[in-house]
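For reference, the structure discussed in these notes is given below.
All values below were derived from every heavy atom in this structure, side-chain atoms included, with hydrogens, water molecules and symmetry-related copies excluded. Order of the sequence lines sets the chain letters (A, B, ...), proteins ahead of strands, with each chain counted from 1.
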Amino acid sequence: MSKQPNRLSQTVNECRIDRTKPIQFIFNGKSYQGYQGDTLASALLANGVTLIARSFKYHRPRGILTADAHEPSALVQLGSGSKCEPNIPATTIELYDGLEARSQNCWPSLAFDVMSINSLFSPIFVAGFYYKTFKWPAKFWTNFYEPIIRKAAGMGELSGKIDPDTYEKAHDHCDVLVIGGGISGIMAAKSAADSGAQVILCDENPVLGGQISDGKPPLEEVSGKGPLVEQVETLLQLRDMNNVRIMPRSMVFGWYDNNTFGVIEQVSDHLPQPEKNQPRQRMRKIVAQQIILATGSHERSLVFPNNDRPGVMLASAVQRYIRQYSVRPGQKAVIFTNNDSTKKLVNDLNSAGIIVSAYVDAREDITSDFSDIQCSNILNGYVVDNVHGGKKVQAVTLRPCNGGPLKKIDCDLICVSGGWNPAVQLLAQRGQKPQWSENYQNFLPQFSTGEDFLCTGSLAGLESTRDCLDHARLVGEIAGKRISGNTNISLEKLTSITTTKELETHNTGFFEVLSDKGKSFIDLQNDVTRKDVELAAREGYRSVEHVKRYTTLGMATDQGKTSNINGIATLSRSLNKPISQVGTTGFRPPYRPVSLGVLAGRSRGKHWRPILRTPLHNWVYAQGGKFIESGLWHRSQYFPINGETMAQSIDREVRTVREKVGFCDVSTLGKIDLQGPDAATFLNRVYCNGFAKLPVGRSRYGLMLREDGIVFDDGTVTRLDDDHYFITTTSAESCSIVSHLEYCHQVLWPELDICLADVGEDWAAIALAGPHSRKVLSEIVDNLDVSNDTLPFLKAVTTTVLGGLETRLFRISFSGEMAYELFVPSQHGADLAKMLMIVGEKYGIAPYGVEALDVLRIEKGHVSSELNKFTTASDLGLGGMMSKTKDYIGHRLSQRPGLIAPDREVVVGLLPLNPKHSFAQGAHIITTGTSATAENDDGYITSAAWSPTLNSYIGIALVRRGRERIGQIVDIVDPLNGKKPVTAKIVSHHFYDLENTRVTA
Amino acid sequence: MRIPCPLCGERPLEEFTYRGDAKVKRPDHDAPIEDWVGYVYVRDNPKGDHQEHWRHSGGCGSWLTVNRNTVSHIINSVEEARQTEESRISEKTQEKKLA
Ligand SMILES: [Zn+2]
C-alpha cells in the first residue's frame, strides 16, 4: 500500500479532505490510498503519480493541467463493466472506496505506447489532416484508413452494455437563480435573499467557494475581518435561510428561452453505490425570473515548446492542490507567468516545501513590484524556451526576450499562468458576442446586465475579492428589488464599478513563445499546436469559426476553456489582425458534457412512453388472452385455449365468428361527442361523404380526408339526437382527429355553434358479431325489440342492458357478419364481457382478439392498413363516397391530376394459385416472368392473412391499374426476406359475402 | 420556451404542439387551384415576427394564435385562435357592409 508520499501535513486552508477517512482506489491496476474529499487527480498527485494519459493524436504522455472540470489532459476511463465511462476528467472524479480508473489512448501500456510513433509521423497529422490525407482512393476508407484512425485516435471506449444506473428529472422555479457559488455568487445570493426573494444557488463543485483559496489576483490575507472571513460568514448565514436553496454538484449546462435552465445534479457519482432509490444524476429544469451570473473565470495556459509534459500545471491548480488538498504536485518548481495572480503562489510553494527555482515573468516593461515575492531567482523579461523530459518535466531552458544567453534550470513542476478568461459560455449561448478587452486581455460579456440578468464577480472582469464582494452585494440587491416589482432601478453604480476597474487595469498581451524547439500545444485535448493554427492561416483560413473546424481547435470535450484564447491570439498574429477583430467562436449547450442517460431520465425501456390499457384489460388477462402493442395501447391479440398455437387460436376465433358468435374489445376506438345546432353542417365539412341527411337513430360510415386530398381516417358517425352526434375514429388516429376537429372548429369555422369533446376514455366498446349475435343480444337487453325490423343494419339506439346499464347500441359490422357495437361506461366494460360469456355459452360464444378481427375484415375486404397516408378515397375503392355537391376538407386537392391519374395503385385482392403459399405485408407485385426490380414494381401487399373461411392465404394489395387487371396472374416477390416468389391471381378485395346478405340478416 | 396560454397561464413548451403560419387562410371552394396549392403547401419562412398556430395539447386543448419572433423566440402576444378568427370574420362582414 502506498503511503501518499506527496501528501503534506495538515495546512491551514485544508478544506477538501478528511484525513480520518482513508479511501482505497485502483488506478491502472495498482492500488493506492487517498482521503475522503480527494478528487482522483489530487489523490494521484498525493501518491506521486503524474503520468495519467496519452494524448489523442500523438499519444504523448500527459499529466494533470488543472484542478477543474474542464481538464484537457487527465482524461480517464472510469469504472468497469456496464458502469464503465470514458473521457472523464480525473479532476472531477470524487474519490470513493473501490474506485477503479485507467488510462486512455495507450496501447499496450501507459508507459510504453506503440502509437506514440504517431509523433514521428506528425507531418501527416497537421491541420486538416482528415481532409487532406485520406481523400483517395475512396475504397481505402472502409478497409484501411478508418480502422487505423479509429485505433490510433480513439478516445475512451464505451462498454456497449445497457447503462445500469437510474436517472431522473425534476422541475423547479425560483425568483432569483444564482449561477456559480464562488465568493461573488455567495454574496449575491445572500443579498438577494435578504430582500425576501426565493433564491437557488447552483455550483458545479461539491463544495462552494470557487477560487476562494486560489489566490486569484490579488487576494487579501485572511486576517481580522478580511473578505475571506466575511465570505465564510455569509455562506453560513445563507445555509440557514428558508428562502435559499443551495445546490452543489449542480452544473448549469444550458440557458434556454424564457429563462429556462438545464441543470445536471450529480447525485451519487461520488458514492461507491447509490443509496436505495437514489438516482445517479438528476436533470433539473429551473425557471427563474432574475438571473445572477457569477460563473467566474478560467485560468489559461501559455504556449511554449513541450508545454504538455506531465508536470506543467496551471498556477492556480498548483495552489489549490497545495491549499485545499495538502498535496505537493512536485519538488522543484518554476513559475512562468504574464500577470500578478501568481505572486502569492510562491508562499504556498515555499510552505509546502517545494523549492522555487525561478519566477519567470514574460513581461519586459514591468511596473509590478516583486519585492514581496519570496524567491531569490526572479527573471522578468524571460520566457520558457523549451521543456526537457519526456514522461515528466526534468528541466526548462529560459531565454531572455531581448537576447542574451539561455539558462537551463532543473525542475519537475512548471506553474503556468497566461491570465484569466471570464466564463462567458452561458451568455454566448443566448447569442451574446463576447467583446475583447485590451485592458484585461480577455473576452468580457457583450452585455453584463439585461432586464432579467446581471453578471458579477470575475465574469464581469473584476479581479479583487473586495471589488467582487461589493459588486455582488449590489447585484443581489438589484435582483431582489426587481423581484419586488421595482423594474426601474439605475444600474449606474454597478457599471461604474466595472468600468473604473477596467480602466485601472493594464494586463499584458503575452500568449506564446515563438520557439521551434518542440511542439507547442494550444489545445491539449485535441493535440492542436501553434503550427497547426499558423498553417491554417497560411492556407487562407480567416474566420475563427473555420479555423476552429479545420484544426479542431477547441472542439474537444473541454470546448477549449483553457486553449481558445491562445488559439485566437496565434491566429491574430498570423493574420496580422487585432484579437478584437478576430473575435471568438460561439458556444452552444451543454457547457460541459452531459450523459445521455440523464437526458432520457426515467423514459427508458417500457417507461419511455405511457402504456394505455382498455377497461377490459384485466378481464382479458384473466381469460388467458395475449396482448399486442399497438401504438400506446396493449390490445388483446388472441385467446388461446387448450394449448393452442397462435395460428390455431386465430383460426378458431375466426370460425367462431363466422359460424356462431364472438365478441371483441374495441375500446381503443377514438370516441368524440359532438353537440350543437351546427353539428350536421360541421360533419358535412369534415367528412367527404354527406351527413346532412343522417336521421336520428342511424349510424353511417364516414371517410375523412386531409386538406391535400389524401385519406386521413375512417370511422362511424351516429346521430343520437337532433343536435347530438357520437363519432368513432380509428385507434391510431384518435388523438390527431380530436386535434384536427378542434382546429376545424376553432380556427376554420369559429362561427359554427358546436362543441366537441374527446370521450375516448369514458366508454368501453365491445363488438358482438356472428350469426347468433342477435340471440345473445336479446338475452342482455332490458327492454328492447332486437328484431331485424326494429333494429336493422346501421340502426342506433340508446338503451339499457343487464338491468339498467346505460348502453349505446349500434348495429355496425366490421367482420362481415351480423354484428353490434355496444358502448357502455368504462367501469362496466368488464361486467358486460363477463355477462356475454355467461349468456353466450349456449350459443358457443368466444372472445376474439385483433388478429382474428384483422382476418375477418381482410376476408370481408374492409380497408384498414390501406389507409397509409399515400392513398386517396378512390385508390381504396371508396371514390363513390366523395360528395360532388359540397365543400369539405380535402375536396379541391383530391381532384388534382396526380391524385386522379389512371395509373395509380389501387386496392385489389390477391389469391395465391397454391392456397398454401404464404406471403407477407410489404411484399411487392410484379408481372409474372419479369425480374424483381424497381422498374417492374407494380405495387405492394398491404394486408395478408391465412383465411380459415376460404382455406387459403389471401391478401389485399395496392396495384397499379389494379382494377383493370382483375383476373391476371402476377408474382408476389419478397427478396428482402429471402422468400421464393408466389404466383397469385388478382381478384376483387371483397373475398366474402359479396352480396352483403350476412350483415343485414 | 414558455407560452402564456390565455386560459392556463404561462406553461412550458412541452405542453404545446406547433402547427404553423396562422396567416394562411383557407380559400373559398371555387378559388383557383393555385390558391389551394398555396394554402396547403406554400409557406414563408420569415426571420422575425411570425403569427402562428399552436395547440395547448397537453393542457386545455385550445388552438392559439401566437405572435412569436423567430429569431429571439420572444412571444409578443397570445390569444385564442377562435377570437382571432371571429374578429377577422366580423371585420370582413363590416367591410362588406361598407362596400
Ligand atoms: Zn391552455
Side-chain angles (χ1 to χ4, degrees), chain A residues 169 171-173 255-261 285-289 430-431 450-452 603 672 685 705-710 735-736 738-758 883-899, chain B residues 1-4 10-14 16-41 52-58 60-65 68-75 79-90 92-93:
Chain A
K169 294 186 188 179
H171 294 258
D172 259 312
H173 296 259
W255 182 355
Y256 300 94
D257 294 320
N258 298 81
N259 294 334
T260 305
F261 291 82
K285 289 184 193 173
I286 300 180
V287 178
Q289 303 301 313
R430 298 308 296 159
E451 53 184 47
D452 50 6
S603 304
I672 298 163
R685 292 181 188 178
L705 309 188
R706 305 189 307 203
E707 198 71 278
D708 65 359
I710 297 292
C735 289
S736 46
V738 170
S739 180
H740 169 70
L741 294 183
E742 288 287 8
Y743 180 83
C744 290
H745 176 220
Q746 294 179 31
V747 180
L748 298 183
W749 307 303
E751 71 278 11
L752 293 186
D753 187 1
I754 59 157
C755 192
L756 57 95
D758 180 356
S883 166
K884 292 184 179 64
T885 56
K886 61 165 190 171
D887 178 23
Y888 57 86
I889 297 280
H891 180 227
R892 277 307 296 271
L893 291 190
S894 70
Q895 301 307 310
R896 282 182 288 165
L899 296 193
Chain B
M1 207 165 85
R2 294 168 69 76
I3 298 177
E10 188 185 290
R11 307 295 305 165
L13 179 67
E14 297 90 307
F16 296 86
T17 315
Y18 182 71
R19 179 175 169 113
D21 193 347
K23 288 211 161 146
V24 290
K25 293 296 166 230
R26 192 168 187 268
D28 288 336
H29 185 226
D30 49 5
I33 192 76
E34 290 75 19
D35 291 7
W36 279 93
V37 170
Y39 168 63
V40 172
Y41 293 109
E52 50 202 27
H53 280 140
W54 290 77
R55 181 167 186 249
H56 194 188
S57 45
C60 61
S62 290
W63 280 97
L64 306 172
T65 306
R68 181 179 67 106
N69 186 297
T70 57
V71 179
S72 65
H73 293 187
I74 288 171
I75 291 166
E79 65 177 353
E80 287 180 74
R82 189 195 317 244
Q83 287 170 355
T84 321
E85 296 307 311
E86 272 170 355
S87 55
R88 184 180 62 86
I89 290 165
S90 69
K92 224 174 166 182
T93 20

Next on the checklist: For B:Arg2, which atoms come within 4.5 Å of any heavy atom of chain A: side chain, backbone, both, or neither?
Outcome noted: both

Item to check | Contacting moiety of B:Thr84, where chain A heavy atoms sit under 4.5 Å | outcome: neither

Next on the checklist: Quick check on B:Glu14: does its CD atom have over 12 non-hydrogen neighbours (other residues, nucleotides or ligands) under 6.0 Å away?
Outcome noted: yes

Backbone of [Y] reached by a side-chain donor or acceptor of [X] within 3.5 Å:
X: A:Asn258; Y: A:Thr260; value: no
X: A:Arg892; Y: B:Val37; value: no
X: B:Arg82; Y: A:Gln746; value: no

Donor-acceptor pairs under 3.5 angstrom involving side-chain atoms of residues 748-757 of chain A: please list them, not counting sequence neighbours.
none

Item to check | Interface residues of residues 23-32 of chain B facing chain A - heavy atom cut-off under 4.5 Å | outcome: B:Arg26, B:His29, B:Asp30, B:Ala31, B:Pro32

Please classify the contact of [X] with chain B as side chain, backbone, both or neither, using a heavy-atom distance under 4.5 Å.
X: A:Arg706; result: neither
X: A:Lys886; result: backbone
X: A:Tyr256; result: neither

Item to check | Results of side-chain hydrogen bond (donor to acceptor under 3.5 Å, both in side chains) for A:Ser894 - residues two or more places apart only | outcome: none

Item to check | A:Ser603: side-chain hydrogen bond (donor to acceptor under 3.5 Å, both in side chains) partners, not counting sequence neighbours | outcome: none

Checklist entry - Using a cut-off of under 4.5 Å for heavy-atom pairs, which of B:Glu10, B:Glu80, B:Arg19 has the most such pairs with chain A? => result B:Arg19

Checklist entry - Which one of A:Asn259, A:Asp758, A:Asp887, A:Asp708 has the most heavy-atom pairs closer than 4.5 Å to chain B? => result A:Asp887

Next on the checklist: Parallel, tilted or perpendicular: which one describes the rings of B:Tyr39 and B:Trp36, with boundaries at 30° and 60°?
Outcome noted: perpendicular

Checklist entry - At what distance, to the nearest 0.5 angstrom, does OG of B:Ser62 lie from CZ of B:Phe16? => result 9.5 Å

